[in-house]
S.K.: 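One structure is given below, represented as structure tokens, and several questions about it will come after.
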Amino acid sequence: MGAATAKKLKKLGILTVRDLLFYFPFRYDDFSKMTPIAELQAETSANVVGQVELIQNKRSWKRRMNITEALVSDGKETLKVIWFNQPFITRLLQVGSRVSLSGRVEDGSGGLAMISPVYERIGFGQAVHTQGLVPNYHLTANLTQKQIRFLIKQVIGLANLVADWLPSEIRKPGRLIGLAEAIKKINFPKNSLDIKKARERLAFQELFLIQLQSQLVKKNLSLSRAPAIEFCQTETKRFVDSLPFKLTDAQRKAAWEILRGLAKDRPMSRLLEGDVGSGKTIVAIIAMLNVALNNKQAALMVPTEILARQHYETVSRLLSGLGIKVGLVTRTNKLMSNDKFPMSNQCQNPNDKKLNATEIVEKADIIIGTHALIQEDVKFKNLALAIIDEQHRFGVEQRQKLMEKSGSELVPHLLSMTATPIPRSLALALYGDLDLSVIDEMPKDRKKIITKIVAENKRHQAYKFIYDQVREGRQIFVICPLIDLSDKLGVKSVEAEYQKLAKIVFPGLTVGKLHGRLKATEKEKIMREFLDNKIKILVSTSVVEVGVDAPNAAVMMIEGADRFGLAQIHQFRGRVGRSVHQSYCFLFTDNQSEITSRRLRALVDNHNGFALAKLDLKFRGPGEVYGLEQKGFPELKMATLFDYGLMKKARTEAIKLIALDSSLNSWPDLKEKLGEWERGAHLE
Ligand code: ADP
Ligand code: MG
């Protein structure tokens, strides 16, 4: 291909033929139904196959455009076909060409005509673009479906060279098709059974890797020892009583389950789940407090600097006066509290010592940090508990790395936290036999976030409302969707919205912006200004820092809401409504379709993350294989979280295989694939 096309593909992450083969379609158009021209009806879409009887370009001076007109016959009737400003079509289609057309039929002055249809010359081989089930791919600007289909068609034969890493011991009895066949069928299915078979194979392999990995971990854990952490009842009770709020029963129960797990000398591996705002942090702090009181170390790893900083401040403040040293290790910040932290929730203690990461990790009792915690030179003294916040943002390997830095023979206990309320049965099916604690109850004083879909003609009213909220002291988040796939970091969309709000709509208010191009230090500075209530309105991409607690933010405004998954919007919405103020979520969209309004209405009525994720899936078209990101869930491309049957099958097979040879040395391709997956999975 030419350099220009290669560049466009690069934007999609396609660098090699292999990447191209694995760039699966997200949906299919069903062109299998052809309509005889005689039966065409006005104002409908149709597929027609016929022969070109006449084709010519005309110039319309009045409308200043080029018009291509053709007559196409299917042997019984003829149909007029019109394209605008595509004069090159006469070079591709000539009188006598057989063509397949797909488009809208309209009733014009000269009778029925098909307007600007998708066309394809057929004759040699099979029609790729307009016949049968035609794949659709997620694309970047300036790259057409036709182009990518053409490219994939060119290389599809090479699928035969892709090694099938799934052992035949599993493939055969499971009636799964081979990998090469699956790649071919997912790209160019002949019928819906092909799609089903291909999807089953590809979904199975994803679930199988998850299962295999979790079964191997389980096996390892059962052979290892962990430091037993004694429950310090008096101190824990005193600490809980000192909190400004009363723990919910669900928090109490989760904390208790965790403490019981820590008391054993076998490593705990537990998932703590609770919807956004359910109060997972405090439960983690109770666990860390007990570890510190046992003179051991606890580490809390979080995905972003801002969140690390916020957790550091919360923990230092809550634990001040107990003689516990709290450390912060991020790329730009390395601090350790001096245990005389003032009882205020503002800013950093000027007395905090600046040390290097190695010193902090050696000296502090509780260490909070980002990926910086798993750098080469960092080594803990006696890590007894590793906690991963927003666990889906970390890869298996990163988790592993943290565990390996324990500084002793003993394996630390592991607690993963997630905001995605996966039902117990699903979590068990997905992650094997890990322990699970669920916070299924919100703090009592929480008000429901009032969610509204705002029509375009009510936009100014929403702005007025926002203005009043700011005047009352509240703050606002504005989330922008990525409009252009090439705008991966959201610079363009955030910039445009920022200009509009800062210059035109709210010239008197301080507006800030946050997107992926900003440096970590800049991001932190802006988030800090927002937390300090200096910035009133923060315009951001969906990267708006997960888990950050901005209690004063009361309005979450989402532009292009139809472009986000429901579960994802629910996560955004969880950024507000964290205090006594009544909070709001406004959804804007210019998509008028019935399905969009049904989807968004689900958010108005429903405040449960899992139910929303499920609805998301339901609203997808039947041909859609994947598409919407499922934030908060393990990254699945093909499988969905509702493939219970397949999940069970994957689990059974993983257990069987490990029983045969837990070193996996009998299946070198599989072993390599698992390693590759562990390194790459979930990395954002
Ligand atoms: P998440 O589960 O999303 O991580 P956080 O732990 O950040 O939630 O808690 C959200 C907010 O709720 C914090 O400001 C925290 O102080 C507060 N909070 C936690 N538990 C309670 C409780 N039992 N009652 C009232 N507020 C609470
Ligand atoms: Mg959190």
Side-chain angles (χ1 to χ4, degrees), residues 236-237 239-256 258 270-289 300-320 343-346 366 368-370 387-394 415-422 436-449 475 477 527 530-531 533 544-554 556 567-581 583 607-610 631-632:
T236 305
K237 191 169 180 311
F239 170 70
V240 169
D241 289 342
S242 77
L243 293 173
F245 46 75
K246 208 165 157 282
L247 290 184
T248 62
D249 288 345
Q251 282 172 315
R252 252 171 231 284
K253 180 151 176 273
W256 175 238
I258 293 165
R270 181 175 294 271
L271 181 67
L272 172 61
E273 53 164 83
D275 215 342
V276 262
S278 62
K280 294 181 288 293
T281 316
I282 197 69
V283 174
I285 296 176
I286 293 172
M288 294 196 289
L289 167 67
L300 172 60
M301 186 158 76
V302 303
T304 67
E305 296 234 345
I306 295 160
L307 194 52
R309 182 62 175 266
Q310 192 163 48
H311 281 341
Y312 170 70
E313 281 162 18
T314 310
V315 174
S316 317
R317 175 164 46 84
L318 291 177
L319 296 183
S320 66
M343 293 298 276
S344 98
N345 53 9
Q346 291 290 315
I366 292 178
I368 293 158
T370 55
I387 305 183
I388 316 272
D389 197 10
E390 313 287 346
Q391 61 110 16
H392 60 281
R393 304 259 304 209
F394 292 96
L415 178 67
S416 305
M417 306 202 286
T418 175
T420 312
I422 308 173
L436 185 65
S437 294
V438 184
I439 306 183
D440 53 4
E441 172 187 13
M442 285 297 205
K444 295 260 152 22
D445 55 350
R446 288 294 152 75
K447 295 199 177 75
K448 253 223 178 85
I449 298 158
Q475 288 168 284
F477 278 113
M527 204 60 207
F530 188 70
L531 292 175
N533 204 350
V544 69
E545 307 296 331
V546 280
V548 171
D549 207 8
N552 196 43
M556 171 59 66
Q568 199 182 0
I569 294 183
H570 180 66
Q571 298 269 333
F572 296 148
R573 179 164 68 177
R575 301 282 122 247
V576 298
R578 296 189 150 219
S579 66
V580 291
H581 310 298
S583 294
H607 289 256
N608 174 314
F610 187 74
K631 279 268 158 151

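Excluded from the calculations below are hydrogen atoms, water molecules and symmetry mates; all remaining heavy atoms, backbone and side chain alike, are included. Whatever order the structure lists ligands and atoms in, that order sets their numbers, starting from 1.
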S.K.: Within ligand 1, which atoms have a heavy atom of Val276 less than 4.0 Å away?
M.R.: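 Near Val276, the atoms of ligand 1 are 3 (O).
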
S.K.: Taking only residues two or more places apart in sequence, or in another chain, which ones meet Ala284 in a side chain to side chain contact (heavy atoms under 4.5 Å, CB included)?
M.R.: Ile387, Met417

S.K.: Any heavy atom of Gly274 closer to ligand 1 than 4.0 angstrom?
M.R.: no

S.K.: Check if Lys444 has a non-hydrogen atom at a distance under 4.0 Å from any atom of ligand 1.
M.R.: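 No, Lys444 has no heavy atom closer than 4.0 Å to ligand 1.
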
S.K.: Have a look at ligand 1 and work out which part of Leu247, if any, has a heavy atom under 4.0 Å from it: side chain, backbone, both or neither.
M.R.: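 Looking at Leu247 and ligand 1, just backbone atoms fall under 4.0 Å.
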
S.K.: How far apart are the C-alpha atoms of Leu436 and Glu273, what are their side-chain angles, what is the distance that settles it, and do they pass the side chain to side chain contact (heavy atoms under 4.5 Å, CB included) test?
M.R.: CA-CA 8 Å; Leu436 185 65; Glu273 53 164 83; 3.8 Å; yes

S.K.: Treating Gln251 as the side-chain partner and Gly279 as the backbone partner, does any N or O pair qualify as donor plus acceptor under 3.5 Å?
M.R.: yes

S.K.: Using modelled atom types only, decide if a donor and an acceptor are shared between the side chain of Lys280 and the backbone of Gly274 within a distance under 3.5 Å.
M.R.: yes

S.K.: Show the numbers, then the answer: is there a side chain to side chain contact (heavy atoms under 4.5 Å, CB included) between Phe239 and Ile282?
M.R.: CA-CA 11 Å; Phe239 170 70; Ile282 197 69; 4.3 Å; yes

S.K.: Starting from the C-alpha separation in whole Å, work towards a yes-or-no answer on salt bridge (charged side-chain N to carboxylate O under 4.0 Å, His left out) for Asp249 and Lys253.
M.R.: CA-CA 6 Å; Asp249 288 345; Lys253 180 151 176 273; over 6 Å; no

S.K.: Can you sort out which atoms of ligand 1 are near Thr248, meaning under 4.0 Å from one of its heavy atoms?
M.R.: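 The atoms of ligand 1 under 4.0 Å from a heavy atom of Thr248 are 23 (N).
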
S.K.: Polar contacts were defined as any N/O atom of the residue lying under 3.5 Å from an N/O atom of the ligand; does this apply to Gly279 and ligand 1?
M.R.: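 There is such a contact, yes.
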
S.K.: N/O to N/O below 3.5 Å, does that happen between Gly277 and ligand 1?
M.R.: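 The answer is yes, given that Gly277 and ligand 1 share an N or O pair closer than 3.5 Å.
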
S.K.: Does Arg309 form a salt bridge (charged side-chain N to carboxylate O under 4.0 Å, His left out) with Glu305? I'd like the steps, not just the answer.
M.R.: CA-CA 6 Å; Arg309 182 62 175 266; Glu305 296 234 345; over 6 Å; no

S.K.: Run the numbers for me: atoms of ligand 1, each under 4.0 Å from some heavy atom of Arg446, listed by number.
M.R.: 11 (C), 12 (O), 17 (C), 18 (N), 26 (N), 27 (C)

S.K.: Of all residues at least two apart in sequence or in a different chain, which pass the side chain to side chain contact (heavy atoms under 4.5 Å, CB included) check with Asp440?
M.R.: Ala250, Val438

S.K.: What atoms of ligand 1 come closer than 4.0 angstrom to any heavy atom of Lys246?
M.R.: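 With Lys246 as reference, the close atoms of ligand 1 come out as 22 (C), 23 (N), 24 (N).
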
S.K.: If you count every heavy atom of other residues, nucleotides or ligands that lies below 6.0 Å from Lys447 atom NZ, does the total exceed 12?
M.R.: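 Count over threshold, so yes.
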
S.K.: Quick one: which ligand 1 atoms are inside 4.0 Å of a heavy atom on Thr281?
M.R.: 4 (O), 5 (P), 6 (O), 7 (O)

S.K.: Tell me which one of Glu441, Gln571, Gln251 gets a heavy atom nearest to atom 20 (N) of ligand 1.
M.R.: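 Closest candidate by heavy-atom distance is Gln251.
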
S.K.: Would you mind telling me if ligand 1 is within reach of the side chain of Gln310, the backbone, both or neither, using heavy atoms under 4.0 Å?
M.R.: neither

S.K.: Look at ligand 1 and say whether Ser278 reaches it with a heavy atom at a distance under 4.0 Å.
M.R.: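 Yes, that is the case, since the closest heavy atom of the residue is under 4.0 Å from the ligand.
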
